[in-house]
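To start, the structure itself, in structure tokens.
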Amino acid sequence: MNVKDFYFDLPQELIAQDPLEDRSASRLLVLDKETGEIEHRHFRDIVSYLKPGDCLVINDTKVIPARLFGVKEDTRAKIEVLLLKRRENDIWETLVKPGKKCRPGAVLEFGDGLLKGTVLDVVDEGNRLIQFSYDGIFEEILDQLGQMPLPPYITHQLQDKNRYQTVYAKHEGSAAAPTAGLHFTKELLDEIQKMGVKIAHVTLHVGLGTFRPVKVENVLEHHMHSEFYMVEEAEAQKINETKAAGGRVICVGTTSCRTIESATGEDGILRAGSGWTEIFIYPGYQFKILDCLITNFHLPESTLVMLVSALAGREHVLHAYDEAIQERYRFFSFGDAMFIR
């Protein structure tokens, strides 16, 4: 399986730079995974495709303002740090630009010394382990100094930090938003619940590796980054009961999908718990518990295009993407959505 099998040509102007005023006003391409049939709707029409007895699985992770701008204490050279994973004792795995200036022992300063960081080590892929020191509460300082870590293809400044959060974001820890969830409003979720659709919460802290390009020609040689997930007992029960009763398990986003597929055994039972997952889903994968997927449009040759192709078939997916381009859909994080049913 070659990475080029998942290429499509996307005009630059179709990359959405700003979120819509009304979250649920985005467009919705509905794809039948068996026949490849396509319908064009709006996101709020998702209710037409949900049935009583279904279960919507949402990822309630919260994005932290993980991008910090500072200086090296000795030379005052400018530095940018992106927080990736929290370790113990205020140590974070980070991405630093320019990395060459940040050898172990380097001290970095943010917000005129409100926050300081010492580089401890260089780890996988050139990431730096940094130990932070500060007075007060780290999260409050981060909220004051940090910026939202928008993907590199979004060049506009985000006016409202909350627009890169889902309305149900709860557990802090992501370096990127689970973007399929950005289309939901509280009103739309209430309407869905009143229809008799269960809503199950899971948590997966999204790492930037999600956006990392596949650098090997042979897809099977690609190694996925690890991400932390949590599934609580009550939520696992909702999903297992739905499946047992013949309802559909509908994941909102590839992150929810990766969470429940990681935590489900070969017997098709989802188990509560937490841990790290490196699951890589590509064509040939047999889904253990997921039935349908609500997702955004993804980058060419990305692991996410491979995941949706595993569910709906590469030909169906690439045809749907071609049609979305012809119909001038908006792509990526702040773009339109797709429902694979």
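As the structure is a computational prediction, the values presented were derived from the model and not from experiment.
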Would you indicate whether Asn218, at its atom CG, is surrounded by more than 12 heavy atoms from other residues, nucleotides or ligands within a distance under 6.0 Å? yes

Which residue pairs satisfy the salt bridge (Lys or Arg N to Asp or Glu O under 4.0 Å) criterion with at least one member in residues 1-14, sequence neighbours excluded? Glu13-Arg328

Applying salt bridge (Lys or Arg N to Asp or Glu O under 4.0 Å), can you list everything that pairs with Asp32, at least two apart in sequence or on another chain? none

For Tyr168, which residues count as a ring-ring contact (aromatic ring centres under 6.0 Å, His included) partner, sequence neighbours excluded? none

With sequence neighbours left out, the residues meeting ring-ring contact (aromatic ring centres under 6.0 Å, His included) with Phe8 are Tyr321

Quick one: ring-ring contact (aromatic ring centres under 6.0 Å, His included) partners of Phe6, sequence neighbours excluded? none

Looking at residues at least two apart in the chain, or sitting in another chain, which of them share a side-chain contact (heavy atoms from CB on, under 4.5 Å) with Thr242? Cys55, Lys198, Val249

ring-ring contact (aromatic ring centres under 6.0 Å, His included) with Tyr7: which residues, sequence neighbours excluded? none

Are Phe332 and Phe297 near enough that their ring centres are under 6.0 Å apart? no

Could you name each residue pair satisfying salt bridge (Lys or Arg N to Asp or Glu O under 4.0 Å) that touches residues 299-322, not counting sequence neighbours? none

Between Phe331 and His298, is the gap from one ring center to the other below 6.0 Å? no

Expected output: side-chain Arg330 to main-chain Asp18 donor-acceptor under 3.5 Å: yes

Would you mind listing the cluster partners of Ile269? Hydrophobic ones only (ILVMFWY), side-chain contacts under 4.5 Å, chaining allowed. none

Between Leu129 and Trp92, does the side-chain contact (heavy atoms from CB on, under 4.5 Å) criterion hold? Intermediate values first, please. CA-CA 6 Å; Leu129 287 186; Trp92 284 77; over 6 Å; no

Leu56 vs Ile294, side-chain contact (heavy atoms from CB on, under 4.5 Å): CA-CA, chis, key distance, verdict: CA-CA 9 Å; Leu56 208 58; Ile294 296 169; 4.0 Å; yes

Residues pairing under salt bridge (Lys or Arg N to Asp or Glu O under 4.0 Å) where one sits in residues 332-341, two or more places apart or in two chains, turn out to be Glu39-Arg341

Looking at Arg128 and Leu95, would you say the former's side chain and the latter's main chain have a donor-acceptor pair under 3.5 Å? no

Only counting residues at least two apart or in another chain, list the ones meeting salt bridge (Lys or Arg N to Asp or Glu O under 4.0 Å) with Lys85. none

Are Lys238 and Glu235 close enough for a salt bridge, meaning some N to O gap below 4.0 Å? yes

More than 12 heavy atoms of other groups within 6.0 Å of Glu232 CD: no

Would you list the pairs meeting side-chain hydrogen bond (donor to acceptor under 3.5 Å, both in side chains) in which at least one residue belongs to residues 136-146, sequence neighbours left out? Arg86-Glu139

Does a donor on one side chain sit under 3.5 Å from an acceptor on the other, for Thr61 and Asn59? no

For the rings on Phe132 and Tyr134, is their centre-to-centre separation under 6.0 Å? no

Glu109 side-chain N/O to Lys72 backbone N/O, donor-acceptor pair under 3.5 Å: no

